[in-house]
Structures are given as structure tokens and as C-alpha cells.
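What you see is a predicted model, and the numbers here were worked out from it, not measured in a lab.
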Amino acid sequence: MRTGEPYIRIFPGPRELARAAAAEVLRRGRRAVRQRGAFDVALAGGSTPLALYEALASGSAARSGLWRHVHVFWGDERIVPPEDPASNYGTAWKAGLRRLRLSADHVHRVRGETADARHAAVVYENELRSRFVGAVWPRFDLVLLGLGTDGHTASLFPGSDALEEKERWTAAAEDGDPPVPRVTLTLPVLNNAAAVLFLVAGSAKAGVLASLLTADPQRPVPARRVRPARGDVMFFADRAAAAGLSPARR
Ligand code: 6PG
């Protein structure tokens, strides 16, 4: 796969998308473990990836020896307690991660229970720095991302300060649905990944996905700025979300 150019795969529905995404996560995970003995992955928030987390925690995937070597992070988190239904950590954990018997020190969640998002962002950056010791930017083997209808990804919203952050690895953000304070990985971190995989499902995403993948969009939405210089950009979409793409891209 040539880095930089988006690689698009379209599936009949969300279930097929989740299964293919699980296979891709396992494939990249096994390769990372072969190459360097570990697999550092940042999970996406929101609802689309929950079927993927369920698929990873089912059948032979759940029994893979890979999980002993995985470090799990989150691309963004809402500043709510982990048991809150809005918690990206909490929903991913319940969807399946808890069944993978990950070592506790390999699960690097944002402390959503922290009162102040800025403080939570600093704590999370310290957690990242304790894993990516001495790195100028952390390099994830894989970053999973969702796509908002306004073109946001993680918690990098159009026109936000967090989107323009050039120095820090994490930032506090405030927008989105639910409109709660958030912590997000910053664009330079996403763009230092070895691979990013966008998971896009449902007809509500058809317009934004089409505008994201057209040659010269009217507005460089945040998700379009995710283009790792030394990494792969993949879009896994279901047919409903891909309805706005030209036939050549389907
Ligand atoms: C969040 C997510 C966010 C999400 C998109 C798509 O915390 O809200 O990280 O970026 O991925 O909003 O959400 P859905 O998958 O629920 O449509």
C-alpha cells in the first residue's frame, strides 16, 4: 500500500466492516509484534468501533497470543467517569476489551474522572511519554479513528485550538456530541502513526466521507488533515456511508 494515499474498502454493512477491521487490527498487530515485540494501538471513541471491539473479543481473535503484547490507548476521551455511558474507555471495555485479559499496565486510559480537562490532558501526555520514552512524537502502530458528520475525528473539531496544536501530544477540547469537555491526541501524533484506520458507517456519513475523499474539497475538514507522512491511511466504510463516492471509488 502506498503511504499517503487513502486506501478505501467498502463493505455491505457494519457487521462485515467490523469483521474486516478486526482482521486488519490482528494482521497489523501480529506484524508489529514480529518486528518489535509490541503493538501500540490507539482506539477510536464513539459508537461505530464498538462492533469491532466485540469482534476482537470473540472466537479465535480473543484467544490470540497477540494481546499479551498490546498496549491500548485512546484517541480521545470524554471527561466523565469510566462508568459513565459517554466514556469511550467504558464503552470499549464493556464491548469486549475486558474479555481480552489485557495486563492492567498495558491499558492506558485518559483519566476521565479528572475534574479539569487540561489537567487530564497533561496526565495523559505523561502516560504516553512513559510508554514512548524519549520520542519526539509517539509512533502508534495503528490509530483507529471515527468520523463525525462535521468532519471531526478524535476530538479534533473544525476551528478548534486543539486542531491547531503543534507542540503537545494531547489537548483539551470542548465540542461534539455529547458536548462535554474532552481530551484528544493532537494532529501531529495522528500524523506520526504507522497506520490510521477510519471506520465509517451509516448514511449520515455519506456526505462528509464523499467531501473528505474528493480531489479538492471546499473545506479541509479535520479528518482530511490526517495524512501520516510515513504511514498508511485506510477507510473502511459500509455501503451506506460510501453512497456519495464516485463509482470508481466504490
Ligand atoms: C468521540 C469520538 C468521535 C467519533 C465520531 C464518530 O469521542 O466522540 O472519538 O471522534 O469517532 O464522532 O462517532 P460515531 O462512530 O458514534 O458516529
Side-chain angles (χ1 to χ4, degrees), residues 6-29 39-59 61-62 64 66-67 70-78 80 82 84-100 102 106-110 112 140-156 176-178 182-185 189-190 193 195-205 208-209 212 222-223 226 232-242:
Y7 168 75
I8 303 159
R9 284 184 66 189
I10 293 158
F11 303 91
R15 205 182 18 257
E16 293 86 352
L17 190 164
R19 268 205 296 270
E24 185 67 18
V25 170
L26 292 169
R27 185 178 75 83
R28 288 185 178 265
F39 178 44
D40 289 299
V41 57
L43 302 183
S47 55
T48 302
L50 297 180
L52 161 59
Y53 305 147
E54 213 167 304
L56 289 173
S58 311
S64 166
L66 169 68
W67 303 115
V70 175
H71 281 260
V72 174
F73 295 81
W74 271 260
D76 71 327
E77 182 58 277
R78 294 84 178 270
V80 295
D84 188 302
S87 167
N88 286 336
Y89 158 80
T91 47
W93 195 254
K94 289 193 191 82
L97 292 197
R98 62 185 165 184
R99 296 199 297 275
L100 295 179
L102 299 168
H106 286 199
V107 179
H108 309 275
R109 69 180 181 88
V110 178
F140 283 98
D141 299 297
L142 179 62
V143 176
L144 299 175
L145 290 170
L147 178 64
T149 51
D150 61 355
H152 81 260
T153 192
S155 284
L156 299 173
D177 175 21
R182 296 150 172 263
V183 168
T184 185
L185 294 179
V189 172
L190 303 184
V196 295
L197 171 56
F198 284 90
L199 304 169
V200 191
S203 56
K205 306 290 176 74
V208 66
L209 185 62
L212 192 58
V226 177
D232 299 329
V233 186
M234 300 172 281
F235 287 84
F236 282 16
D238 68 3
R239 272 207 200 106

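Residues passing the ring-ring contact (aromatic ring centres under 6.0 Å, His included) test with His71 are His106, His108, sequence neighbours excluded. Scanning for ring-ring contact (aromatic ring centres under 6.0 Å, His included) contacts around Phe39 gives an empty result, with sequence neighbours left out. Checked against side-chain contact (heavy atoms from CB on, under 4.5 Å), Arg15 has the following partners two or more places apart in sequence or in another chain: Arg19. Under the rule for a side-chain contact (heavy atoms from CB on, under 4.5 Å), the partners of Ala18 that lie at least two apart in sequence or sit in another chain are Ala51. The side-chain contact (heavy atoms from CB on, under 4.5 Å) test applied to Ala20 returns Arg9, Phe11, Phe236, not counting sequence neighbours. By the salt bridge (Lys or Arg N to Asp or Glu O under 4.0 Å) test, Arg109 pairs with Glu113, sequence neighbours left out.
Contact record, Ala201 with Leu17: CB-CD1, 4.3 Å, taken as the closest heavy-atom pair. Contact detail for Ala21 and Leu197: the closest heavy-atom pair is CB-CD2, 4.3 Å. Across all their heavy atoms, Ala223 and Thr153 have their closest contact at CA-CG2, 4.0 Å. Residues Leu100 and Ala57 share a closest heavy-atom pair of CD2-CA, 3.8 Å. Minimum heavy-atom separation, Ser58 to Arg99: OG-NH2, 4.3 Å. Across all their heavy atoms, Ala44 and Gly146 have their closest contact at CB-N, 3.8 Å.
A distance-only check finds a donor-acceptor pair linking the side chain of Asp141 to the backbone of Asp40 [under 3.5 Å]. Looking only at distances, no side-chain donor or acceptor of Thr149 sits under 3.5 Å from a matching main-chain atom of Lys205. A donor-acceptor contact shorter than 3.5 Å links the side chain of Thr184 to the backbone of Ser155.
Counting only heavy atoms from C-beta outward, the side chains of Phe198 and Leu209 never approach each other to under 4.5 Å. Using a 4.5 Å heavy-atom threshold, the side chains of Met234 and Leu142 count as touching. Between Leu156 and Val226 the shortest side-chain heavy-atom distance does not fall below 4.5 Å. Between Leu97 and Val107, the closest side-chain pair of non-hydrogen atoms is not below 4.5 Å. At least one side-chain heavy atom of Tyr53 sits less than 4.5 Å from a side-chain heavy atom of Leu144.
The distance from atom CG of Leu147 to atom CZ of Phe235, rounded to the nearest 0.5 Å, is 7.0 Å. The line from CG of Leu190 to CZ of Phe140 is 9.0 Å long, rounded to the nearest 0.5 Å. In this structure, CG on Asp232 lies 8.5 Å from CD on Glu24, to the nearest 0.5 angstrom. Atom OG1 in Thr48 sits 11.5 Å away from atom CG in Leu145 (nearest 0.5 Å).
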Quick one: do Val143 and Phe73 satisfy side-chain contact (heavy atoms from CB on, under 4.5 Å)? Show the steps, please.
CA-CA 9 Å; Val143 176; Phe73 295 81; over 6 Å; no
Which side-chain N or O atoms in residues 85-93 pair as donor and acceptor under 3.5 Å with protein atoms at least two apart or in another chain?
| from | atom 1 | to | atom 2 | distance (Å) |
| --- | --- | --- | --- | --- |
| Ser87 | OG | Tyr89 | N | 3.3 |
| Ser87 | OG | Gly90 | N | 2.8 |
| Asn88 | OD1 | Gly46 | N | 3.1 |
| Asn88 | OD1 | Arg78 | NE | 3.3 |
| Asn88 | ND2 | Asp76 | O | 3.2 |
| Asn88 | ND2 | Asp76 | OD1 | 3.4 |
| Thr91 | OG1 | Ser87 | O | 2.9 |
| Thr91 | OG1 | Asn88 | O | 3.2 |

